[in-house]
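Each remark here refers to the structure printed beneath this line.
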Amino acid sequence: MRAGAGPARTTPGRPATAGAPTASASAARAAERSQLAGSIRRGRLGSKRAESAIEPAEEATPIPAKAFSGRLLALAVVLVAVIVLLAPSVTRYLQQQTELDALRADIARQQQQQADYTSELARWDDPAFVKQQARERIFLVMPGETRYLVKGGDGIEESTGEGSAAEPTDLPWVDSLWSSVARAATD
């Protein structure tokens, strides 16, 4: 309400102001508020309780906050339950990821090996490669070529492809074995 717009209010211990200018009406309201505020601080309009002095902030001792609450306990229980329920699933997921990585590495290795085998197989389709392998592995020669084998450190000697000419044919098997051992040691 605006000042002077209605009937003046009365307060206990203060007379009603009728027709007072706005400055005195606002001063009256301010005084009324301060009186009510004082009575509220003392306890409902003049109760007989003893007034407690308000301590300044510098002299007041801090009140400790609650360190543990029921909400915190409920949150901890829920978190533990979630961890217990999810731990096996997460562990299994991590194991499967490790297995997948190992399998992918194995697949890559096998694909590389397959590519190597495929290129080796394609090389065997080339007649020049086949000839080279026949010369190296089983010592084949082309018609008209002469093959030489190096024996020991003495040098190169021509191979005839025949056995030794000094081999007796009518010896018992024991004597034949001994003579072949002796020839192998001397040749």
Side-chain angles (χ1 to χ4, degrees), residues 1-3 5-6 9-14 22 25-142 147-153 181 184-185:
M1 282 186 148
R2 294 182 132 179
R9 292 175 34 180
T10 60
T11 59
R14 289 192 63 92
T22 56
S26 64
R29 278 196 310 263
E32 181 180 338
R33 268 187 258 141
S34 67
Q35 182 183 8
L36 286 174
S39 66
I40 289 173
R41 285 188 193 123
R42 286 189 302 268
R44 287 288 172 199
L45 297 174
S47 71
K48 302 296 182 193
R49 288 190 318 180
E51 287 187 32
S52 64
I54 298 175
E55 296 180 20
E58 294 85 23
E59 298 173 9
T61 59
I63 299 171
K66 281 178 125 177
F68 190 73
S69 68
R71 288 181 185 172
L72 184 62
L73 177 65
L75 179 64
V77 167
V78 168
L79 285 176
V80 167
V82 167
I83 289 171
V84 166
L85 291 175
L86 290 181
S89 300
V90 170
T91 304
R92 184 66 185 152
Y93 173 76
L94 293 175
Q95 286 176 344
Q96 288 176 347
Q97 288 300 318
T98 305
E99 289 174 9
L100 278 175
D101 292 340
L103 290 174
R104 286 182 183 131
D106 189 40
I107 288 171
R109 183 187 53 79
Q110 288 180 356
Q111 285 175 342
Q112 179 63 37
Q113 191 176 22
Q114 181 183 9
D116 293 343
Y117 288 151
T118 304
S119 67
E120 176 97 16
L121 188 60
R123 288 174 42 190
W124 280 100
D125 289 337
D126 183 19
F129 180 75
V130 173
K131 286 180 186 177
Q132 176 194 6
Q133 292 300 314
R135 287 174 188 245
E136 289 177 5
R137 293 183 182 190
I138 56 176
F139 305 110
L140 290 180
V141 292
M142 296 299 291
R147 183 179 69 159
Y148 294 96
L149 292 177
V150 177
K151 292 183 179 180
V181 169

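Values reported hereafter were calculated over all heavy atoms of this structure, with side chains retained and with hydrogens, waters and symmetry mates removed. Predicted model only: the values in this text are computed from it and were never measured.
Atom CG of L121 and atom CG of D116 lie 12.5 Å apart (nearest 0.5 Å). Taking CG from D126 and CD from Q133, the interatomic distance works out to 11.0 Å, rounded to the nearest 0.5 Å. Between the CD atom in Q114 and the OG atom in S119 there is a gap of 11.0 Å [rounded to 0.5 Å].
S89 and L85 get closest at one heavy-atom pair: OG-O, 4.2 Å.
Other residues, nucleotides and ligands place more than 12 heavy atoms under 6.0 Å from the CD atom of E120. Applying the 6.0 Å contact sphere to CZ of F129 captures more than 12 heavy atoms from other residues, nucleotides or ligands.
A side-chain N or O of E136 and one of Q132 form a donor-acceptor pair less than 3.5 Å apart. Side-chain atoms of Q97 and D101 include no donor-acceptor pair closer than 3.5 Å.
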(request) Mind running side chain to side chain contact (heavy atoms under 4.5 Å, CB included) on D106 and Q110 for me, showing each step along the way? (result) CA-CA 6 Å; D106 189 40; Q110 288 180 356; 3.5 Å; yes
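No donor-acceptor distance shorter than 3.5 angstrom exists from the side chain of R147 to the backbone of L140, with no hydrogens or angles considered.
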